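Heads up: the structure comes next, in structure tokens.
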Amino acid sequence: MSEPRALCALTTNERHLIALLRQGPQSVHGLAQALRLSLEQAQDVIQSLDCKVGLVPLFRFDTLRYGLAE
């Protein structure tokens, strides 16, 4: 019998980021504005969330956007 996997707790910003990404792909700049974070802080939250749940990088109109890997 396998042991249950430990689940990582999501931060408040990560939960808000998931809610925004469920509406559709978002740019780093748009996410930073919506979360009221600097671009560097938003990138850190995106990177952390990518490790926990998985994000998909998308390019639209020469802009990098992220979507959920659902």
Side-chain angles (χ1 to χ4, degrees):
M1 185 173 215
S2 64
E3 295 181 27
R5 292 176 26 183
L7 297 177
C8 297
L10 297 174
T11 65
T12 302
N13 282 335
E14 290 170 340
R15 288 192 301 272
H16 287 147
L17 185 66
I18 288 173
L20 290 168
L21 291 174
R22 283 188 174 147
Q23 297 173 14
Q26 304 287 328
S27 68
V28 176
H29 182 72
L31 292 170
Q33 283 185 325
L35 296 173
R36 295 184 178 148
L37 299 173
S38 69
L39 286 175
E40 293 81 19
Q41 291 171 321
Q43 289 173 333
D44 289 343
V45 174
I46 290 168
Q47 187 176 28
S48 173
L49 189 60
D50 186 27
C51 292
K52 293 179 183 179
V53 300
L55 299 177
V56 178
L58 305 164
F59 286 96
R60 282 191 175 166
F61 308 111
D62 296 329
T63 301
L64 176 61
R65 296 174 184 265
Y66 289 94
L68 289 174
E70 293 185 304

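Please read all numbers here as calculations on a predicted model, not as lab measurements.
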* Before giving the answer on side-chain contact (heavy atoms from CB on, under 4.5 Å), spell out for Leu64 and Phe59 the whole-Å C-alpha distance, their side-chain angles and the decisive distance to 0.1 Å. => CA-CA 5 Å; Leu64 176 61; Phe59 286 96; 3.9 Å; yes
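- Closest non-hydrogen pair, Leu55 versus Tyr66, comes out as CB-CD2, 4.3 Å.
- The shortest non-hydrogen separation linking Leu58 to Gly67 is CD1-N, 4.4 Å.
- With sequence neighbours excluded, the residues satisfying side chain to side chain contact (heavy atoms under 4.5 Å, CB included) with Ile18 are Leu10, Arg22, Leu49, Leu68.
- Taking CD of Gln43 as the start and CG of Leu31 as the end, the distance is 10.5 Å to the nearest 0.5 Å.
- Evaluation of the side chain to side chain contact (heavy atoms under 4.5 Å, CB included) rule for Gln41 yields Leu37, Ser38 as partners, not counting sequence neighbours.
- Summarising the geometry, atom OG1 belonging to Thr63 is positioned 12.5 Å from atom CD belonging to Gln26; distances are rounded to the nearest 0.5 Å.
- Separating the CG atom in Leu20 from the CD atom in Gln33 is a distance of 11.5 Å, to the nearest 0.5 Å.
- To the nearest 0.5 angstrom, Ile46 atom CD1 is 8.5 Å from Leu35 atom CG.
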